[in-house]
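In the text below, chain A, chain B and the rest are named by the order of the sequence lines, each starting its count at 1.
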Amino acid sequence: MAAKELLGTIVVDASAPTTITFTSFPSDGTDLLVVLSARDTTTNGIVSVQLNGDTTAANYSRRLLISNGVSVSSTMASSFPYGNIVNSGQTANTFGSMQVLLPKYTGSAQKTISIQAITESSSTTGYANLVSGNWTGTAAITSVTLTKDGVGSFAEGTTASLYKITKGSGGATVA
Amino acid sequence: MAGTPQYVGLANLTLGASASTVTFSSIAGTYRDLYLVIAGNVTTSAAGVNLRLNGDTTTTNYSTVTAQGDGSTATTSSSNTFGLGSLSTTQGAITATFFDYAQTNKHKGYLVQVDRFDSAAQTRAGSWANTAAVTSLAVVAAANAFAADTTFTLYGVN
Amino acid sequence: MITSMKRSLQSSKTWYRSMLAGNPKMSYGAYDLISTTLISSDTGAIIFSDIPQTYKHLQLRVVSKSRDSAVSASMRIRFNDIATGSYRMHTLKGDGLTVSSSNVALAQQFAFRTAGDNADGFGVSIMDIANYADSVNYKTVRTMTTVPDSTDGREISLNSGLFLITAPVTSILFDALNDFIAGSRFSLYGIKG
C-alpha cells in the first residue's frame with residue numbers, strides 16, 4: 001500500500017482569499033504534509049500555519065533560520081510558525097515554494113510544525129527559511145489553515161496540496 | 001512505474017515505555033532511499049540522538065555538517081561523529097533521508113532536518129564511510145532515553 | 001466493465017458487477033517514479049526528456065560525484081535545453097565554519113553543488129519543482145544539497161532557483177564541468193496534486 005496519498009488540492013482563483021484551509025481529512029494516517037506554491041497580493045510575503053482553527057498566537061512557538069540572499073539570521077517568537085512566500089513587489093509570474101510537515105498528527109501530545117520555504121525573484125533578494133514550530137494543542141489535528149494572518153491575501157494561481165503519509169506495519173526493537 | 005507504490009511504509013514503533021535505543025533491522029534492500037521520522041521527546045533534559053548504521057559504533061566513521069538558527073544567531077558546525085540531531089523534553093522531530101542505502105559502491109549520505117522549537121531550527125547532512133548496504137538502522141538517545149509515546153517510522157522510496 | 005455474468009449452480013455466493021468485488025480501489029499513492037538513471041561509467045550529461053505533464057510537481061533525487069579535482073564541485077542543471085540567461089539562484093549555506101547567504105545573477109543554468117573527486121563520498125540532493133507543467137508562470141525550485149567529507153570542504157545548503165520561462169518543463173539536463181563518476185544516480189519522481 002502506498003504510504004503517501006494525496007488528500008486534496010486547493011487552487012486559488014481571483015477572489016484573493018486570506019486563508020486556505022484543509023478540513024475533514026482522514027485520521028488514519030501518521031503524518032501530514034502540505035505543499036504550497038504561493039504568492040501574496042501585497043508586499044507582506046508571509047504565510048502562517050494554524051491548526052484546528054486555533055487563532056491564539058500564544059499557543060504557538062517558532063524558531064527560524066533565515067537567509068535573504070545577502071545575510072543569514074535567526075529569530076524566535078511565541079507566535080504562529082510561518083514561511084516566506086513571494087510578494088507582490090517581486091518578480092511577476094513567480095511563486096514561492098513551501099512545505100509543512102506535521103508529524104504524528106493524530107497523537108495526544110503537543111504538535112511539531114516543520115517548515116521549509118523559499119522565495120525567488122530576479123533580484124538580490126530571495127528568502128530561505130527553516131522553521132521549527134510548535135502548537136500546544138494536544139488534540140488530533142483535524143484542520144490545517146495557511147493564513148495571511150490579516151495582512152494581504154493569496155494571489156490567483158496559488159496552489160496548496162495536502163498529503164497523508166501512513167506508516168508501515170513492520171516493527172523495530174527496543175533496548 | 002505506475003501501478004507500484006513508490007513510497008512505502010516499512011516499519012514503525014511507538015514506545016510504550018521509555019527506551020534508549022530503537023533499531024530497525026533486516027531492512028530489505030529493494031528500495032532506493034530510506035526516510036526516517038522520529039517524533040517525540042526524551043525523558044530528562046535535552047539529549048543528542050545518535051545514529052548507528054549496521055551496528056557501527058565507531059564515531060569517526062561518520063561525518064556531519066550543520067546549519068542552524070537558535071532564535072538569535074545563525075551558526076554552522078561540523079564534526080566526525082554519529083550525531084543525527086537532538087531532542088528535548090518537549091515535542092520535537094527529526095526527519096532524515098538516507099540515499100542509495102542498499103548500494104555497495106559508495107559511502108552513505110543522508111540529509112536531516114531537526115525541529116526543536118525550544119532550541120533551534122537545524123538542517124544537517126552526514127555521511128557514513130562504509131560501502132556496505134545498510135541492513136540495520138538504530139537511533140540512540142545519548143545518556144538519556146526516548147520518552148514513552150515517541151514514534152519512529154521508516155519508509156522506503158523506490 | 002462487466003456487462004453480463006452467468007450464474008453458476010453454486011449457492012451462497014455473492015455476485016459483483018465490478019471486478020473490484022466490493023473492495024476499494026487500490027491506491028498507488030501520490031508519488032510516482034518516472035525514471036532513474038544509475039550510471040555505470042563516467043558520463044558527461046544526464047537528461048530526462050519527454051517528461052509527462054500529468055503530475056502537479058516534480059521531485060529529483062540525485063546522488064552524484066564528478067571528476068572535478070575538488071571536494072565540492074558545480075552541478076549544472078538546465079530546463080528545456082535552454083541555455084540563455086534565464087536562471088536565478090539564492091543559497092543559504094553552512095560549511096562548518098561559516099554560515100552564509102548568497103545570490104547569483106541571471107545565468108545560463110542553475111549551478112548547485114555536488115561532490116568532486118576529492119570528496120570522501122557522493123553528494124546528495126533533493127530538488128522540488130512546483131507546478132512544473134504550468135504554462136503561465138515561471139518555475140521555482142527548492143533544493144537541499146550536501147557535499148560530504150570528513151575534513152574540509154563539506155557543506156550543506158538550502159537553495160532556491162527561478163527559471164524565468166513560462167513554458168512547462170519538459171526536459172531536465174544535469175552536467176558537471178567534468179564527468180559524473182560511475183555510481184552516480186539521478187531519479188525523477190512525479191507528485192500528484
_Pair A:L101, B:T95 - check side chain to side chain contact (heavy atoms under 4.5 Å, CB included), show working._
CA-CA 10 Å; A:L101 179 69; B:T95 57; 3.5 Å; yes
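- Nearest heavy atom pair, residue A:G171 against residue B:A11, reads O-CB, 3.5 Å.
- Looking at A:I115, the atoms closer than 4.5 Å to chain B (heavy atoms on both sides) all sit in the backbone: N, CA, C or O.
- In this structure, chain B has a heavy atom under 4.5 Å from the side chain of A:T112, while its backbone stays farther away.
- Both the backbone and the side chain of A:L130 come within less than 4.5 Å of a heavy atom of chain B.
- If you take OG1 on B:T75 and CG on A:L65, they are separated by 8.5 Å, rounding to the nearest 0.5 Å.
- The heavy-atom pair separating A:V72 from B:A74 by the smallest distance is CG1-CB, 3.4 Å.
- Rounded to the nearest 0.5 angstrom, B:D149 CG and A:S108 OG are separated by 5.0 Å.
- Chain A forms more heavy-atom pairs under 4.5 Å with one residue of B:T90, B:T123, B:D70 than with any other, namely B:D70.
- The distance from the CZ atom of A:R63 to the CG atom of B:D118 is 6.5 Å, given to the nearest 0.5 Å.
- Of the residues considered (A:M76, A:K167, A:R62), A:K167 shows the highest number of contacts with chain B, using heavy-atom pairs under 4.5 Å.
- Chosen from A:S73, A:G133, A:A3, the residue pairing most often with chain B at heavy-atom distances under 4.5 Å is A:A3.
- From A:S61, atom OG reaches atom CZ of B:R116 across 13.0 Å, with rounding to the nearest 0.5 Å.
- Few gaps surround OH on B:Y110; more than 12 heavy atoms of other groups in view lie less than 6.0 Å from it.
- Put simply, the side chain of B:Q6 does not reach to within 4.5 Å of the side chain of A:K4, judged on heavy atoms.
- The choice from B:A138, B:A19, B:S72 that makes the most heavy-atom pairs within less than 4.5 Å of chain A is B:S72.
- In this structure the side chain of A:D31 reaches within 4.5 angstrom of the side chain of B:V37, judged on heavy atoms.
- Taking both residues in full, the closest heavy atoms of A:T166 and B:Y155 are given as O-CE2, 3.3 Å, listed atom of the first, atom of the second, then distance.
- B:Y35 contributes atom OH, which lies 5.5 Å from atom CD1 of A:I165 (distance to the nearest 0.5 angstrom).
- Within the 4.5 Å cutoff, the side chain of B:T21 has no heavy atoms near those of the A:V174 side chain.
- Here B:Q113 contributes atom CD and A:Q99 contributes atom CD; the two are 7.5 Å apart, rounded to the nearest 0.5 Å.
- Contacts of B:T23 with chain A are made by both backbone and side-chain atoms, with heavy-atom separations under 4.5 Å.
- Comparing B:A120, B:S136, B:S25 by how many heavy-atom pairs each has under 4.5 Å with chain A, the most go to B:A120.
- Counting heavy-atom pairs under 4.5 Å between each of A:G168, A:A172, A:G170, A:S132 and chain B puts A:S132 at the top.
- Judged purely by atom type and a 3.5 angstrom limit, A:S74 uses its side chain to pair as donor or acceptor with the backbone of B:G71.
- For the options A:S114, A:P103, A:S71, heavy-atom pairs under 4.5 Å to chain B are most numerous at A:S114.
- Proximity to chain A (any heavy atom under 4.5 Å) is restricted, for B:L15, to the side chain, taken from C-beta onward.
- Only the backbone of B:T150 has a heavy atom closer than 4.5 Å to any heavy atom of chain A.
- B:V140 does not touch chain A: none of its heavy atoms, backbone or side chain, sits under 4.5 Å away.
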